[in-house]
Amino acid sequence: RIAEVIAGLPALPGGSRVTVEPGGAVELSGPPATGVLGAVTAMQMDRAVVREHFARAGLGLLLLGADPLRAPRRIHPGGRYQAMERFFESSGTGAMGAAMMTATASIQVNIDAGPRDGWTERVRLAHALGPTMIAITANSPLLAGEFTGWQSSRQQVWSELDSARCGPVLGVSGLDPATDWAQYALKAPVMLVHTPDGAQPLTEHVPFADWADGRAVLGGRRPTAADLDYHLTTLFPPVRPRGFLEIRYLDSLPDSLWPAVVFLLATLLDDPAAASMAAEAVEPVATAWNVAARVGLADARLRTAATRCLDAVAGRVPAELTGSMQQLVHNVERGRCAGDDFSDQVIGTGIAPTVLAAAGEPR
């Protein structure tokens with residue numbers, strides 16, 4: 001049903017590509033834009049078209065960081081996803097791997113790498129902002145029909161996967177980010193090897209470096225440049241270098257909030273004055289990933305950092321995003337995460353009615 005709706009979509013006005021994740025999540029990927037407002041506006045237009053076409057087919061689209069109702073289950077038949085599923089099962093992380101693949105969702109913000117002489121500070125700040133931004137955007141209090149005890153169950157899932165593949169890239173050696181990324185990629189275990197029969201999952205821990213230098217032979221051969229390129233697509237750090245920086249630590253958010261969050265994050269990284277203020281604000285909580293995911297803005301230090309980050313962009317918000325930013329500021333002032341309203345409604349009316357209401361209750 002999902003594939004049929006996507007096949008019937010017109011060309012989207014903002015130019016987004018529409019794809020389907022392993023568990024059936026619908027993903028919009030917008031093209032590069034000059035400036036945050038242009039990117040946000042284009043995505044809003046595309047989101048509206050997609051929402052309308054799905055509603056006509058009796059399907060709603062729920063904007064949360066984790067599926068609150070269904071058990072994690074792969075529905076996408078792609079060979080890559082089948083192989084990934086087997087890899088996680090063989091590595092002892094089958095449950096969390098399945099949840100990551102099929103029951104979590106994020107709004108990913110891609111930003112330029114920036115001038116080379118500023119890479120180190122830019123990448124460091126992108127990581128340091130992580131816990132504060134997770135606390136602000138936590139929007140996944142339930143997973144598979146249960147409250148998990150985490151404000152961001154999506155981040156909880158990612159935190160319990162292999163840190164060599166999903167942990168931060170940020171190095172402690174003082175080297176430049178490109179070198180840190182190269183070392184990270186070489187140390188990370190190979191997940192899948194291409195053979196004439198398709199992608200084959202590994203059942204043993206083999207760092208890519210071991211395959212490259214001949215200490216391990218996979219698929220009966222040494223790796224090619226194409227194998228390295230593919231290996232990089234199986235690494236999922238919270239900030240992934242791809243020629244640009246792919247920020248992966250935000251929960252999926254409702255339409256009323258995500259524009260403000262995107263503007264906030266991009267401005268904190270792009271505006272020199274805001275970046276300086278943000279770096280100082282988040283330093284005390286720069287490594288508090290699990291605290292942020294578990295309690296969100298209930299942590300006083302994270303709430304203070306969030307407030308100071310919002311102060312750093314005050315006066316820079318375009319008029320088109322004022323309403324969204326006002327709601328975000330109101331949430332932070334009250335110490336409420338994005339998912340608190342959803343939790344309140346679940347407690348009051350149950351999961352299924354809340355899901356239907358949040359998804360627009362298609363008829």
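What you see is a predicted model; the values in this text were computed from it and never measured.
Glu280 CD: 12 or fewer foreign heavy atoms inside a 6.0 Å radius. Within 6.0 Å of the CD atom in Glu146, the count of heavy atoms belonging to other residues, nucleotides or ligands does not exceed 12. Within a 6.0 Å radius of CZ in Arg316, more than 12 heavy atoms belonging to other residues, nucleotides or ligands are found.
Asp340 and Ser343 share no side-chain donor-acceptor pair at under 3.5 Å. Arg80 and Thr234 form no side-chain donor-acceptor contact under 3.5 Å, judged by distance and modelled atom types alone. In the model, Thr267 has no side-chain atom that pairs as donor or acceptor with a side-chain atom of Asp270 under 3.5 Å.
A donor-acceptor contact shorter than 3.5 Å is absent between the side chain of Arg70 and the backbone of Ala144. Looking only at distances, no side-chain donor or acceptor of Tyr184 sits under 3.5 Å from a matching main-chain atom of Pro168.
Counting only heavy atoms from C-beta outward, the side chains of Arg47 and Leu63 approach each other to under 4.5 Å. Contact check for Leu297 versus Arg334: no side-chain heavy atoms found under the 4.5 Å cut-off. Counting only heavy atoms from C-beta outward, the side chains of Ser152 and Ser140 approach each other to under 4.5 Å. A 4.5 Å side-chain heavy-atom check between Trp150 and Gln155 finds every atom pair outside the cut-off.
In this structure, Phe87 belongs to a hydrophobic cluster whose other members, linked by side-chain heavy atoms under 4.5 Å apart, are Tyr81, Met84, Phe88, Met96, Met100, Met101, Leu143, Val157, Trp158, Leu161, Met191, Leu192, Tyr230, Phe236.
Classification of Arg294 and Asp299 as a salt-bridged pair fails, no side-chain N sitting under 4.0 Å from a carboxylate O. Salt bridge Asp67/Arg154: absent, no basic N to carboxylate O contact under 4.0 Å.
Every residue two or more places apart in sequence or in another chain was checked for a side chain to side chain donor-acceptor pair (under 3.5 Å) with Asn139, and none qualifies. With sequence neighbours left out, the side chain to side chain donor-acceptor pair (under 3.5 Å) criterion links Arg242 to Glu246. For the side chain to side chain donor-acceptor pair (under 3.5 Å) test, residues two or more places apart in sequence or in another chain that qualify with Glu85 are Arg74. Ser106 meets the side chain to side chain donor-acceptor pair (under 3.5 Å) test with no other residue; sequence neighbours excluded.
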Cut-off 3.5 Å, no hydrogens considered: what does the side-chain donor-acceptor table look like for residues 203-220, sequence neighbours left out?
{"residue": "Asp210", "atom": "OD1", "partner": "Arg215", "partner atom": "NE", "Å": "3.4"}
{"residue": "Asp210", "atom": "OD1", "partner": "Arg215", "partner atom": "NH2", "Å": "3.0"}
{"residue": "Trp211", "atom": "NE1", "partner": "Arg221", "partner atom": "O", "Å": "2.8"}
{"residue": "Asp213", "atom": "OD1", "partner": "Arg215", "partner atom": "N", "Å": "3.1"}
{"residue": "Asp213", "atom": "OD1", "partner": "Arg215", "partner atom": "NE", "Å": "3.2"}
{"residue": "Asp213", "atom": "OD2", "partner": "Arg215", "partner atom": "NE", "Å": "2.9"}
{"residue": "Asp213", "atom": "OD2", "partner": "Arg215", "partner atom": "NH2", "Å": "2.9"}

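Within the model, atoms CD of Gln326 and CG of Asn331 stand 12.0 Å from one another, a figure rounded to the nearest 0.5 Å.
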